[in-house]
2 protein chains.
Amino acid sequence: MPDTPRRADRLPGNRYGNRPTMKDVAARAGVGLKTVSRVVNGEPGVTPETERRVQEAIDALGFRRNDSARVLRKGRTASIGLVLEDLADPFYGPLSRAVEEVARSHGALLINGSSAEDPDREQELVLALCARRVDGLVVIPAGDDHRYLEPELKAGVATVFVDRPAGRIDADVVLSDNYGGARDGVAHLIAHGHRRIGFIGDMPRIHTAAERLRGYRAAMEDAGIAVEDSWMSLGVTDPERVRRAAEDMLAGPSPVTAIFTGNNRVTVTVIRVLAEHDRGVALVGFDDIELADLLQPGVTVVAQDAAALGRTAAERLFRQLDGSLLAPDRIELPTKLVTRGSGELPPAD
Amino acid sequence: MPDTPRRADRLPGNRYGNRPTMKDVAARAGVGLKTVSRVVNGEPGVTPETERRVQEAIDALGFRRNDSARVLRKGRTASIGLVLEDLADPFYGPLSRAVEEVARSHGALLINGSSAEDPDREQELVLALCARRVDGLVVIPAGDDHRYLEPELKAGVATVFVDRPAGRIDADVVLSDNYGGARDGVAHLIAHGHRRIGFIGDMPRIHTAAERLRGYRAAMEDAGIAVEDSWMSLGVTDPERVRRAAEDMLAGPSPVTAIFTGNNRVTVTVIRVLAEHDRGVALVGFDDIELADLLQPGVTVVAQDAAALGRTAAERLFRQLDGSLLAPDRIELPTKLVTRGSGELPPAD
DNA sequence: TAGAGCCTGGACAACGTTGTCAGATGCGGG
DNA sequence: CCCGCATCTGACAACGTTGTCCAGGCTCTA
């Protein structure tokens, strides 16, 4: 192990714990402050010899430019904020990564936070990001009223909403075709002979959940099927209650022969429930899940492209920042039905 | 839709696009600058009446404190950086989220970046974070030489490495027991009668991969089994080559009856390969994977607790920042063997 | 009613950087 | 030998905030 200083050796120091500033570098190199700034920023007008001396001082002192001061002076932070629901959800990982890649290609860093589906926490996070003066925001909203963002928008913070639209303000939004995807998924079940089809989804106050429910209803109506209340479970989300909801549907007076699940977490739970049943109940889920192809039967899903959502939103964000974008717009990305077996099972009765 | 200003209406503005400052608020409220500061920060010494006037001006102007200036003055950014390999990898989502939660409980925001397993990119990211003057860093290293961090450490940037140790510097690190976990996993296969056991892992230059390989060798040696070269595949990582490696092991002169896989991505690919084989080849994988319990057979894994890794590291980071922590240390978290069926299959021959 | 003490509010400098602008230096030509 | 020009360098202000410190007004007491 080389002789790095142990932590105890570090001086208590002032503020950033004793970081050298340009002034220190200038003193050591025997040049003016501004010359150091020029070298650090690669500006022209410095003799090679001077530059060498400055570079030497920088290395010797371990100087690193303080971007906070830079931001204060220049007004751009080269960072964007991403507020999503839960980074641990496999749906958001790729989305976040896609946003990061676009940011990176524009030289920006990504600050992100999880709202945990709590509107207050969303607002708190967004405002904290604004206080840091992020150049732009990508928001997957938890709340449905975003008027608190008005001053920020007015001040020029670029903003794009993803996955769900903004509430009560006019802003860019990038969505999946939740309605169409759900409708197609349910229609797929109907095409395979099902008529008693259950729907288990999240609270309809969440936009995506409402749209998917609407798609379910539309498909059923198109087929002339009257939906019974006992076929629908809205707003349950924790595994235990989803499990009970699924079991109720399967055991009710007119048991369903197929289930359409409204998001990946519900799908996983329902797969568990169906695995315990011997009757072949058909299943189509919204959102793809890993290993879905390896289950018996494979799980048919309506897949949305999380990375594409993130990429599209981030690109739009940077176009706002370029100033090349004017009117807020709504972009809808298509979903894809991936058939793997569970959605093609015939009705059991 | 309420009458929010369309983007085109926003003034081009200066810098942050026209944001009001404390000075503006002070002018509007008819008070001094410092009084506004006091109100914003909840400092005592302001009459309720004055406070009301200031608050009114703040709301009217949509003022939001500029944290860049604040940071410059105070020296703490209340943000920490997290550098990991790929946010889209399901292993890092929970880890990242855990770090975020700890940060949040300390009032800090999380800036994160993906190194894409590229040492240069890791360094670039880390230094960018240091330039932002993050208070601390949680790093999942891609490279094996971190001497570039010496000036930062000396300057007091709290730093904790996770999942893999730092290279050539002395720093805190939080690891899983990769060696012990792998050894136990392989011993489990041996206990079920296997002797010809394959190992497919990442490049041994990656610490975790090397440790797991060491665990494999140790278990084999403990059982008195001489490992044949054709049983090991090191450094393959893309699905196509993993697939070929697995097939070679199964078809070779002394075909393996069980495989130990070195990480989640490899495991998934091997599951696919095995699903196409009718011989019951046993499998134990390092890292848990979602739905592993629903496959036929369920996948036996050596699970590490990603969230615990992140939480432990972040907590240690903040203890460094409190100043209550002195000597750098190495913490090793246990792994857990989760038996689900695939690891308990008897040898087929 | 005058003085002491407390409370509120504001002027000012400082944080570390960059933009502006003017001064210094060196070189070549007249 | 001196002037003009181009090139390089540095002094200074400004960004928006917070810490220090002092002034002024109020209340309370003697």
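Nothing here was measured: the structure is a model prediction, and the numbers come from that model. Throughout, a chain's letter reflects where its sequence line sits, starting with A, and its residues are numbered from 1.
Residue B:Gly45 is in sugar-phosphate contact alone, with no base atom involved, counting any heavy-atom pair closer than 4.0 Å across all strands shown. Across all strands shown, B:Val46 has heavy atoms under 4.0 Å from sugar-phosphate atoms exclusively, and none from any base. Within 4.0 Å (heavy atoms only), A:Val40 reaches no atom of the nucleic acid at all.
Separating the CZ atom of B:Arg133 from the P atom of C:dG16 is a distance of 9 Å, rounded to the nearest angstrom. Rounded to an integer number of Å, the gap from B:Asn66 CG to D:dT18 P is 10 Å. Regarding B:Leu33, its CG atom lies at a distance of 14 Å from the P atom of C:dA13, rounded to whole Å. We find that CZ of A:Arg132 is positioned 23 Å from P of D:dC15, with the value rounded to whole Å. Note: CZ (B:Arg53) to C1' (C:dT8) measures 12 Å, nearest angstrom.
Here A:Ser68 does not reach the OP1 or OP2 of C:dT17: none of its side-chain N or O atoms lies under 4.0 Å away. The side chain of B:Thr21 places no N or O atom within less than 4.0 Å of a non-bridging phosphate oxygen (OP1 or OP2) of D:dC15. In this model, the phosphate group of C:dT18 is approached by a side-chain N or O of A:Asn41 to a distance below 4.0 Å at OP1 or OP2.
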Using residues 117-130 of chain B as the side-chain source, report each donor-acceptor pair under 3.5 Å to any protein atom, sequence neighbours left out, with the distance given to one decimal.
residue	atom	partner	partner atom	Å
B:Glu117	OE1	B:Arg164	NH2	3.4
B:Glu117	OE2	B:Arg164	NH1	2.8
B:Asp118	OD1	B:Asp120	N	2.8
B:Asp118	OD1	B:Arg121	N	3.4
B:Arg121	NE	B:Ser114	O	3.1
B:Arg121	NH2	A:Glu101	OE2	2.8
B:Arg121	NH2	B:Ser114	O	3.2
B:Glu122	OE1	B:Ala142	N	2.6
B:Glu122	OE1	B:Gly143	N	2.8
B:Glu122	OE2	B:His146	NE2	3.0
B:Glu122	OE2	B:Tyr148	OH	2.6
B:Glu124	OE2	A:Arg104	NH1	3.2

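In this structure a side-chain-to-backbone donor-acceptor pair under 3.5 Å is missing from B:Asp172 to B:Pro328. Formation of a donor-acceptor pair under 3.5 Å by the B:Asn66 side chain with backbone atoms of B:Ser68 is found in this model.
One distance of note links CG of A:Leu82 with OG of A:Ser96; it measures 5.0 Å at 0.5 Å rounding. We find the CG-OG distance between B:Leu110 and B:Ser79 to be 9.0 Å, quoted to the nearest 0.5 Å.
Note on the helix from C:dT1-D:dA30 to C:dG30-D:dC1: terminal axis deviation equals 60°, with five pairs used at each end and the result rounded to 10°.
In this structure, of C:dT17, D:dT17, C:dG10, it is D:dT17 that holds the atom nearest to the side chain of B:Met22. Nearest nucleotide to the B:Thr35 side chain, out of D:dG10, C:dG10, C:dT18: C:dG10. Taking every side-chain heavy atom of B:Leu72 into account, C:dG16 is the closest of C:dG16, C:dT17, D:dT17.
Mapped onto DNA chain C by nearest heavy atom, B:Ala69 and B:Pro48 fall at different nucleotides, with B:Pro48 at the one closer to the 5' end.
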key: Derivation of the side chain to side chain contact (heavy atoms under 4.5 Å, CB included) call for A:Thr159 and A:Glu152   = CA-CA 9 Å; A:Thr159 308; A:Glu152 316 301 330; over 6 Å; no

Distances under 3.5 Å between nitrogen or oxygen atoms of protein and nucleotides 19-26 of chain D:
residue	atom	partner	partner atom	Å
D:dG19	OP1	B:Lys74	NZ	3.3
D:dG19	O4'	B:Arg73	NH2	3.4
D:dG19	N7	B:Lys34	NZ	2.8

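Between A:Leu137 and A:Leu317, the closest heavy-atom pair is O-CD1, 3.4 Å.
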